[in-house]
Student: 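One structure follows; several queries about it will come next.
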Amino acid sequence: MNQQPTWGWPTDRLPRVLVVDDQAINIRVAFEALRGDHEVFMATSGEQGLQVFRDARPDLVLLDVVMPGMDGHEVCSQIKAGPDGADVPVIFITGHDSDQAQVQGLGHGAVDFIAKPFHPEVLRARVRNHLLLKFQTDYLRSAALYDGLTGLANRRHFEEVFAGRWRAAERNAQPCAVLMIDVDHFKQYNDCYGHQAGDECLRQVAGAIGKALMRPMDLAARYGGEEFVCLLPETSLPNAGPVAERLLCNVRELAVPHAASGAAPVVTVSVGIATSLGGSGRAPQDLLADADAQLYRAKAAGRNRACAASA
Ligand SMILES: [Mg+2]
């Protein structure tokens with residue numbers, strides 16, 4: 001290879017490539033071309049290809065067009081329609097590379113074509129280029145949406161999701177809950193243990209917060225510094241309280257020593273809970289301000305606890 005791998009390229013594993021072709025000889029040629037620096041998965045029918053796609057979660061798919069039963073176009077459409085397939089490049093390998101066939105394939109979501117019979121080096125180079133693009137795109141998307149330190153959603157992503165969930169709550173007149181969370185005496189923690197330990201503490205607290213959320217629609221985010229926020233759609237106050245208690249408990253159970261905390265001998269958090277009914281004329285910022293006010297109350301009352309507006 002003339003190029004070194006670049007950012008986004010996985011460093012802890014080989015790229016995974018799925019080859020789907022009804023002719024064993026074609027799979028063999030592709031396998032020989034890619035083995036060594038790829039983990040290659042194989043399937044000899046469209047149906048089997050979809051199954052292996054779900055199980056192996058490949059980074060790229062090489063797909064024969066003409067197969068008995070489910071053909072390549074159908075396989076590609078199903079991959080693209082699935083939750084894990086939108087970002088996985090599919091390259092058609094085909095003996096029919098007329099303009100019309102290519103337009104049809106691109107319409108089904110393929111990124112490229114390779115004509116049969118192919119040269120192994122051409123296959124390797126194209127696969128590499130598309131993997132490079134895929135990994136860079138994944139990396140940029142992740143950097144745009146997630147906090148680099150904790151892996152939780154970042155503030156911008158949270159605000160976008162919140163805006164969408166709030167509109168849904170307004171349409172359906174449903175409740176929505178927000179938890180504002182602050183690590184107790186975190187400045188003292190940094191002063192006492194150093195900033196590297198502080199970063200590790202934030203990572204652990206973030207993990208404990210994430211574990212307290214049970215539903216896929218719930219979202220935990222780093223709001224800034226040592227502040228976190230959770231969005232609980234379709235949740236009223238009686239249901240938000242137990243989540244906050246679980247979260248408080250998870251953080252205490254980390255048992256991270258905090259000798260400089262006035263609240264406890266271990267790292268703890270304070271939580272402010274706010275809920276509102278969609279359609280009540282309030283905005284997401286109002287809910288955040290309410291949760292912040294409750295967080296302030298929780299701190300004033302001694303920290304290591306949750307407070308909620310008594311609506
Ligand atoms: Mg075929």
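Every number for a ligand or one of its atoms is a count from 1 in the order of the listing. Just so we're clear, the structure is a prediction, and the values are computed from it rather than from any experiment.
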Student: Counting backbone and side chain alike, does D64 bring an N/O/S atom below 2.8 Å of the Mg ion (ligand 1)?
Tutor: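 D64 does place an N, O or S atom closer than 2.8 Å to the Mg ion (ligand 1).
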Student: Taking the basic N atoms (NZ, or NE/NH1/NH2) and the acidic carboxylate oxygens, is any pair closer than 4.0 Å for R203 and E200?
Tutor: yes
Student: Tell me which N, O or S atom from D22 is the closest to the Mg ion (ligand 1).
Tutor: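 Nearest N/O/S atom of D22: OD1.
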Student: Check whether the side chains of Q100 and Q104 place a donor and an acceptor atom closer than 3.5 Å, and report yes or no.
Tutor: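 No, Q104 and Q100 have no side-chain donor paired with an acceptor closer than 3.5 Å.
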Student: So, V65 and the Mg ion (ligand 1): N/O/S under 2.8 Å, yes or no?
Tutor: no
Student: Would you say the rings of H73 and F92 are close, in the sense that their centroids are separated by under 6.0 Å?
Tutor: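 Under 6.0 Å, so yes.
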Student: How about D55 and Q51: does a side-chain donor come under 3.5 Å of a side-chain acceptor?
Tutor: yes
